[in-house]
Amino acid sequence: MATSEHIDNASAAGRRELTSSRARQQVSAMEEAVIRPVPAKSGPTPALPVSVADWRSAADQVNSEVVALWATRTRRPQTPRPEQSRDSLLTGAAVSGATAPAFLLSPRLANRLIGRLRRLRSEISAPAEIRLRTADRTTRWQVRVRWAGPVSA
């Protein structure tokens with residue numbers, strides 16, 4: 001059975017080979033030519049760096065190498081080491097220990113906030129109601145004065 005380090009080293013070597021391969025360079029050159037074409041001043045458009053048939057075969061080769069790398073990465077042994085289990089257990093306990101007080105404290109904080117908002121509403125609405133009544137009386141008085149009838153000279 002291969003160790004995790006061996007698989008990581010093989011995977012890293014495979015990535016290096018893939019990125020430095022001629023097929024990958026051809027695919028990259030074609031991508032650059034399609035994404036950022038060189039503008040032609042006048043005359044024919046510039047030729048692509050690779051023929052379409054060569055580009056397709058290079059892309060197929062790169063795709064198969066990427067799939068092979070992915071397959072080697074997913075074949076890792078999935079047996080957890082004892083320290084991984086312990087670390088996971090400690091992390092879960094720490095997260096639970098941090099969230100439990102927050103859940104227990106949240107109703108109290110919410111009730112305090114609701115009480116403050118109710119008190120604020122009553123403190124604001126009382127003066128506003130008095131001012132509204134005064135404004136209403138003033139408006140009624142002005143209407144009566146304004147429409148009392150023609151002024152005799």
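Every value quoted in this text rests on a predicted model; they were computed, and no experiment measured them.
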- Query: If Ile, Leu, Val, Met, Phe, Trp and Tyr residues are connected whenever their side-chain heavy atoms lie under 4.5 Å apart, and connections chain through other members, are V66 and W70 in the same group?
  - Reply: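 As far as the 4.5 Å side-chain criterion goes, W70 and V66 are not connected within one cluster.
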
- Query: Any side-chain donor paired with an acceptor under 3.5 Å for S28 and R24?
  - Reply: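 Side chains of S28 and R24: pair found under 3.5 Å.
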
- Any side-chain donor near an acceptor of the partner, S51 and D54, under 3.5 Å: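 There is such a pair (donor and acceptor under 3.5 Å, judged by atom type) between the side chains of S51 and D54.
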
Measure across [X] and [Y] and return the closest heavy-atom pair with its distance rounded to 0.1 Å.
X	Y	answer
V27	W55	CA-CD1, 4.1 Å
Q61	A23	OE1-CB, 3.5 Å
M30	V50	CE-O, 3.2 Å
P101	G97	CD-O, 2.9 Å
P49	A29	CG-O, 3.7 Å

As an exercise, state the distance from [atom1] of [X] to [atom2] of [Y], rounded to the nearest 0.5 Å.
X	Y	atom1	atom2	value
L90	S85	CG	OG	11.0 Å
N63	R56	CG	CZ	13.0 Å
R15	E65	CZ	CD	13.5 Å
E129	T134	CD	OG1	10.5 Å
L69	S64	CG	OG	10.0 Å
L109	L113	CG	CG	9.0 Å

- Task: Would you check if the side chain of S21 reaches a backbone N or O of L18 as a donor-acceptor pair within less than 3.5 Å?
- Result: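 Yes, S21 side chain to L18 backbone: donor-acceptor pair under 3.5 Å.
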
